[in-house]
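Structure first, then comments.
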Number of protein chains: 2
Amino acid sequence: MEEFHTNIGENIKRIRKERNLSLDKTAEITGVSKTMLGQIERGKSAPTITTLWKIASGLRLSFSSLVSQYKPSVTIVKKKEVNPIVENNGQYRVYPLVPYNPEQQFEIFSVTLEPGCEHIADPHSTGVEEFILVNEGTLEVVVNEQVYVVEPEDTLIFKADRPHIYRNIGDRMVKCSIVIHYSSQ
Amino acid sequence: MEEFHTNIGENIKRIRKERNLSLDKTAEITGVSKTMLGQIERGKSAPTITTLWKIASGLRLSFSSLVSQYKPSVTIVKKKEVNPIVENNGQYRVYPLVPYNPEQQFEIFSVTLEPGCEHIADPHSTGVEEFILVNEGTLEVVVNEQVYVVEPEDTLIFKADRPHIYRNIGDRMVKCSIVIHYSSQ
DNA sequence: ATAATTCAGACGTTATATTGCACGTGTGTG
DNA sequence: CACACACGTGCAATATAACGTCTGAATTAT
């Protein structure tokens with residue numbers, strides 16, 4: 001999300017137009033200069049949070065109405081085109097399919113474990129929950145010194161704020177999808 | 001809300017400490033320099049929304065958890081100390097008691113009309129609702145060419161996206177409280 | 001039609017957000 | 001004790017956000 005501020009600009013411009021406000025009027029109301037407003041609207045400049053606060057306050061807007069992303073109705077992510085994060089000498093590969101963003105409180109990966117691979121994952125912060133959907137192979141997960149065996153088509157859900165271990169003890173590859181949810185707190 | 005960015009700094013520092021992260025680690029995770037993080041935490045610098053985005057993404061946080069205001073448990077606002085906005089040659093006075101802020105979608109005024117005063121208010125944008133609580137005197141409000149008489153202790157609620165008129169036709173002062181709610185849309 | 005007004009964008013200047021480097025302060029470890 | 005290491009902060013350099021002024025185009029008024 002490099003061009004994130006362009007969204008804010010479009011939102012501001014749309015709202016300003018809806019209300020039939022000129023840049024001058026908006027500048028007067030918000031206390032932000034006309035030039036700056038124009039640059040923000042055109043994505044030429046990323047405002048500081050103080051000026052964003054001024055704009056939101058002057059226009060009587062919430063933050064969410066300003067930062068709300070334009071969601072394309074359809075997006076396709078090709079796994080082939082995603083660079084995996086490799087660990088355990090390439091035996092453990094993570095493909096970020098849906099990266100985290102502050103609006104959406106979760107992220108989605110596709111994970112591959114070669115036979116015999118054991119991966120020890122660091123605990124996440126409190127309130128984080130993992131949803132593991134196994135597609136191929138049999139995955140062993142260790143949480144709280146307890147071993148869980150997850151067969152294909154099965155799903156494991158657990159609070160990931162403690163260390164956990166993924167193991168592929170079978171002789172075929174394990175492919176699974178992992179959804180990680182971060183609580184707002 | 002002049003020192004608005006200090007709140008964000010405190011929030012970031014609190015969360016970082018909760019997770020036992022150093023500035024170096026946080027810089028590595030978020031892609032924002034250690035120095036900048038330190039300055040933001042101490043309120044010495046107001047970040048742009050792009051760096052705030054980086055921080056929120058790297059730390060897996062929502063915007064709301066970063067911008068959430070610290071609310072003092074008790075606040076008292078003395079009307080004597082509030083500068084009113086005067087119109088109609090001082091016959092119409094507006095005291096802003098609770099100013100708008102982007103988190104809280106409303107604002108509260110205390111309004112005074114001298115006897116005989118008529119004030120024509122411009123329409124607000126769509127979705128705006130007004131709640132008028134009359135404390136003293138009798139207030140006449142005209143909305144949609146319809147006249148409403150509001151006695152003391154009574155409350156008038158109406159969509160304020162059209163022109164409306166306040167009138168004091170009695171011989172005593174009218175004092176009322178007005179809550180204006182701005183829809184998030 | 002001409003003048004006046006309003007609008008959006010360009011230019012130059014100032015203020016400040018952002019970075020990399022370096023310094024001082026602890027905190028353990030040999 | 002000395003050494004290394006991690007942590008937070010200060011400083012100079014740079015990038016860029018923010019502002020005021022001006023210009024050209026479009027709209028409205030006279």
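Below, chains carry the letters A, B, ... as their sequence lines are ordered, and counting in each starts from 1. Values in this document were obtained by computation on a predicted structure and should not be read as measured data. In what follows, every heavy atom counts, from backbone to side chain, and hydrogens, waters and symmetry copies are set aside.
The residue among P47(B) and K34(B) whose nearest nucleotide of DNA chain C lies closer to the 5′ end is P47(B).
When rounded to the nearest whole Å, the span between CZ of R42(B) and P of dC11(D) equals 11 Å. Note: CG (L37(A)) to C1' (dC7(C)) measures 14 Å, nearest angstrom. Rounded to a whole Å, the CD atom of Q39(B) is 10 Å from the C1' atom of dT16(C). The nearest whole Å value for the distance from the CG atom in L21(A) to the P atom in dA8(C) is 10 Å. To the nearest angstrom, P of dG20(D) lies 13 Å from CD of E28(A). Distance CD1 (I8(B)) to P (dA17(C)): 12 Å, rounded to an integer number of Å. Going from atom CD of E41(A) over to atom C1' of dA10(C) covers 16 Å, rounded to whole Å. The nearest whole Å value for the distance from the NZ atom in K54(B) to the P atom in dA17(C) is 15 Å.
Checked by atom type and distance alone, the side chain of S65(B) never pairs as donor or acceptor with a backbone atom of L61(B) at under 3.5 Å.
Residue S22(A) has a polar side-chain atom (N or O) positioned under 4.0 Å from OP1 or OP2 of dC7(C). Side-chain nitrogen and oxygen atoms of R16(B) include none within less than 4.0 Å of the OP1 or OP2 phosphate oxygen of dC7(D).
Separating the CD atom in E151(B) from the CD atom in E153(B) is a distance of 11.0 Å, to the nearest 0.5 Å. Considering CD1 of I132(B) and OG1 of T155(B), their distance stands at 9.5 Å, rounded to 0.5 Å. Between atom CG of residue N7(A) and atom CD1 of residue I12(A) there is a gap of 11.0 Å, rounded to the nearest 0.5 Å. Rounded to the nearest 0.5 Å, atoms CG (N11(B)) and CD (E41(B)) are 10.5 Å apart.
In this structure, T35(B) reaches the bases: a heavy-atom distance under 4.0 Å links it to at least one base atom across the strands shown. Within the 4.0 angstrom heavy-atom criterion, only backbone atoms of the sugar-phosphate kind lie near K44(A); the bases stay farther away. Residue contacts shown for T48(B) are limited to sugar-phosphate atoms, with no base heavy atom under 4.0 Å away.
When each of dT18(C), dG8(D), dA10(C) is scored by its nearest atom to the side-chain atoms of L23(B), the top-ranked nucleotide is dG8(D). Looking at the side chain of K13(A), the nearest of the listed nucleotides dG9(C), dA18(D), dA17(C) is dG9(C).
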